[in-house]
Trainee: 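Handing you this structure, nothing more for now.
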Amino acid sequence: MLDTIRIPVMPSSPLQTTTESHNHSLKNGEQYAEGINWDDLGFGLIPIDYMYTMKCSDRENFTQGQFSPFGKIELCPSAGILNYAQGLYEGLKAIRTEDGRILLFRTKENALRMKMGAERLCMPSPSVEQFVEAVLQTVHANKRWVPPPGKGSLYVRPLLMASGCNLGLGPGKEYTFVIYASPVGNYIKGRTALNLFVEHVYHRAAPGGTGGVKSVTNYSPVYQPLTQARAKGFSDILFLDSETGKNIEEIAAANIFILKGNVLSTPTLKLGTILPGITRKSIIDIARDFGYQVEERVIPVEDLLDADEAFCTGTAVIVNSVGSVAYQDKRVEYKTGEGSLCQKLYETLTGIQTGRLEDKNGWTLEVN
């Protein structure tokens with residue numbers, strides 16, 4: 001476990017909202033961060049007070065981390081993260097409840113996923129206990145930036161990267177684990193239903209690659225097809241498998257589910273091309289509790305076109321409906337809104353995350 005790190009006391013500031021007052025008070029007379037329009041948060045970076053850093057050398061373990069004011073980090077031009085993209089990241093949220101608590105969701109799963117990714121990229125990683133404790137301390141140090149209940153969340157971004165000088169091709173000699181955070185609103189403004197374009201030229205991942213881990217290499221390659229699709233009026237893209245080009249895999253940054261009758265399906269993890277999403281895993285459990293038959297399988301694009309409902313899941317998007325899909329010369333629309341399974345799953349999942357519903361599975365962790 002990490003030792004408790006002393007953090008300088010930040011000057012308190014008045015609660016700022018778009019209205020004259022806010023009817024939720026913080027514990028112990030604490031104040032929210034000033035200058036924030038909590039009613040109009042987007043999904044962009046708002047600098048907070050502190051970030052957390054922990055380092056280790058090759059063949060050693062991570063030890064005591066430290067806090068510093070949020071700001072720039074210094075890297076050697078030949079750092080492994082810059083030259084060879086030897087890096088991973090995670091994403092999770094801290095949410096303030098109506099009774100003033102701050103909750104994290106399934107943080108241990110993020111820690112385990114980072115360890116799995118680090119092994120794939122030949123990197124040391126913090127222990128599960130170190131990861132969880134570092135996240136807890138980071139949120140606690142920046143708790144005045146956790147939005148008021150119902151206004152958003154504090155998005156927490158742990159990074160693991162090869163930070164030492166490393167000119168030749170090979171694993172780095174020094175590694176840095178960093179956690180920063182930012183208050184955010186909805187990733188998809190207004191939680192509008194997505195209008196997807198099925199991408200059949202570019203691919204997100206291939207068997208034997210890194211599609212199944214949260215490598216930094218997985219994201220910038222989607223920029224070009226995503227930009228092209230958005231220029232045509234689509235909100236996002238859905239990738240097909242690289243081997244056959246016939247089976248659906250992932251949206252640019254989210255998992256996908258389809259519903260037909262009482263059967264809920266999502267692409268299998270067995271091929272190593274699908275990221276094992278923590279929201280995905282949670283939705284599978286909740287849907288089964290609802291009595292749905294859940295299948296993790298190879299899903300032909302024809303099954304997508306024949307589905308009654310489709311939605312995506314992820315830490316950022318939470319659970320969001322797919323309103324329509326375009327594939328070649330076909331366009332299909334799906335059920336959305338009230339009465340949809342997506343809406344029911346969203347309300348249940350967010351109910352647990354915000355403390356409104358009982359957490360029967362022990363998924364939440366309170367920040368003290």
Side-chain angles (χ1 to χ4, degrees), residues 187-189 191-207 209-212 214-215 217-260 263-281 283-284 287 294-336 340-342 345-346:
Y187 184 74
I188 301 171
K189 201 71 174 178
R191 294 193 60 247
T192 55
L194 296 177
N195 175 24
L196 297 183
F197 175 75
V198 179
E199 175 58 54
H200 58 276
V201 175
Y202 298 94
H203 298 283
R204 176 191 168 273
T210 59
K214 210 163 175 63
S215 168
T217 57
N218 292 345
Y219 296 92
S220 60
V222 311
Y223 293 169
Q224 185 176 26
L226 182 59
T227 300
Q228 293 172 352
R230 285 178 173 169
K232 297 176 183 177
F234 296 97
S235 51
D236 215 319
I237 50 178
L238 175 60
F239 289 100
L240 300 176
D241 74 291
S242 60
E243 286 193 300
T244 71
K246 297 180 179 179
N247 306 309
I248 65 172
E249 291 208 324
E250 279 196 29
I251 297 174
N255 297 119
I256 189 166
F257 287 78
I258 64 170
L259 178 68
K260 183 66 175 179
V263 180
L264 183 64
S265 302
T266 192
T268 179
L269 303 178
K270 291 182 179 179
L271 302 178
T273 56
I274 304 296
L275 185 72
I278 295 161
T279 307
R280 172 189 182 276
K281 183 176 183 178
I283 289 301
I284 288 173
V294 181
E295 297 180 349
E296 298 179 70
R297 62 181 177 90
V298 172
I299 302 177
V301 69
E302 289 78 14
D303 288 6
L304 169 71
L305 301 177
D306 188 48
D308 302 324
E309 191 178 331
F311 57 85
C312 61
T313 64
T315 298
V317 301
I318 313 177
V319 187
N320 204 97
S321 289
V322 173
S324 64
V325 163
Y327 173 64
Q328 296 179 349
D329 61 348
K330 302 182 181 69
R331 183 178 184 276
V332 297
E333 296 184 352
Y334 303 103
K335 178 180 180 179
T336 62
S340 67
L341 175 60
C342 175
L345 291 168
Y346 171 81

Trainee: Is Pro267 close to Ile256 at the side-chain level, that is, under 4.5 Å between some pair of heavy atoms?
Mentor: yes
Trainee: Within the side chain of Glu295, is there an N or O that forms a donor-acceptor pair under 3.5 Å with the backbone of Val263?
Mentor: no
Trainee: I need the Ile299 CD1 to Ile248 CD1 distance, nearest 0.5 Å.
Mentor: 4.5 Å
Trainee: I need the minimum non-hydrogen distance between Ala205 and Glu249, along with the two atoms involved.
Mentor: O-OE1, 4.3 Å
Trainee: Flag the pair Val322 / Phe257 as yes when at least one side-chain heavy-atom distance between them is below 4.5 Å, and no otherwise.
Mentor: no
Trainee: On a heavy-atom basis, which atom in Phe311 and which in Val319 lie closest, and how many Å separate them?
Mentor: CD1-CG1, 3.8 Å
Trainee: For Glu243 and Leu271, run side-chain contact (heavy atoms from CB on, under 4.5 Å): C-alpha distance rounded to whole Å, both residues' side-chain angles, the deciding distance at 0.1 Å, then the answer.
Mentor: CA-CA 11 Å; Glu243 286 193 300; Leu271 302 178; 5.6 Å; no
Trainee: Within a strict 4.5 Å, meaning less than it, do heavy atoms of the Gln228 and Phe234 side chains meet?
Mentor: no
Trainee: Which distance, rounded to the nearest 0.5 Å, do you find between the CZ of Arg280 and the CD1 of Ile283?
Mentor: 11.5 Å
Trainee: Which distance, rounded to the nearest 0.5 Å, do you find between the OG of Ser220 and the CG of Leu226?
Mentor: 12.0 Å
Trainee: Once rounded to the nearest 0.5 Å, what's the spacing between atom OG1 of Thr227 and atom NZ of Lys232?
Mentor: 12.0 Å
Trainee: How about Ile258 and Tyr334: do any of their side-chain heavy atoms sit closer than 4.5 Å?
Mentor: no
Trainee: Can you see which heavy atom on Tyr327 is nearest to which on Leu240, and at what distance?
Mentor: CE1-CD1, 4.1 Å
Trainee: Do any N or O atoms from the side chain of Asn320 and from the backbone of Thr192 form a donor-acceptor pair under 3.5 angstrom?
Mentor: yes
Trainee: Short question: side chain of Glu250, backbone of Leu275 - any donor-acceptor pair under 3.5 Å?
Mentor: yes
Trainee: Using modelled atom types only, decide if a donor and an acceptor are shared between the side chain of Arg204 and the backbone of Ile274 within a distance under 3.5 Å.
Mentor: no
Trainee: For the side chain of Arg191 and the backbone of Val317, is there at least one donor-acceptor N/O pair under 3.5 Å apart?
Mentor: no
Trainee: Distance from Glu199 atom CD to Phe239 atom CZ, nearest 0.5 Å?
Mentor: 6.0 Å
Trainee: Would you say the side-chain atoms of Thr313 pair up with the backbone N or O of Ile318, donor to acceptor, closer than 3.5 Å?
Mentor: no
Trainee: Looking at Lys260 and Asp303, is any side-chain nitrogen of the basic one under 4.0 Å from a carboxylate oxygen of the acidic one?
Mentor: no
Trainee: Would you check, one step at a time, whether the test side-chain hydrogen bond (donor to acceptor under 3.5 Å, both in side chains) holds for Thr244 with Asp241?
Mentor: CA-CA 6 Å; Thr244 71; Asp241 74 291; 2.9 Å; yes
Trainee: Heavy-atom distance under 4.5 Å between the side chains of Val301 and His200, does that happen here?
Mentor: no
Trainee: Is a side-chain donor or acceptor of Ser340 paired with a backbone partner of Lys335 at a separation under 3.5 angstrom?
Mentor: no
Trainee: Rounded to the nearest 0.5 Å, what separation is found between the CD1 atom of Ile237 and the CG atom of Leu194?
Mentor: 12.0 Å
Trainee: Closer than 4.0 angstrom, basic N to acidic O: yes or no for Glu302 and Lys330?
Mentor: no
Trainee: Over all heavy atoms of both residues, which pair between Ala252 and Asp236 is shortest? Give the atoms and the distance, please.
Mentor: CB-OD1, 3.3 Å
Trainee: Where do Gly314 and Thr279 come nearest, in terms of heavy atoms and distance?
Mentor: C-OG1, 3.3 Å
Trainee: With side chains defined as the heavy atoms from C-beta onward, is the minimum distance between Val222 and Tyr202 less than 4.5 Å?
Mentor: no
Trainee: What pair of heavy atoms forms the shortest contact from Leu264 to Ala287, and how long is it?
Mentor: CD2-CB, 3.7 Å
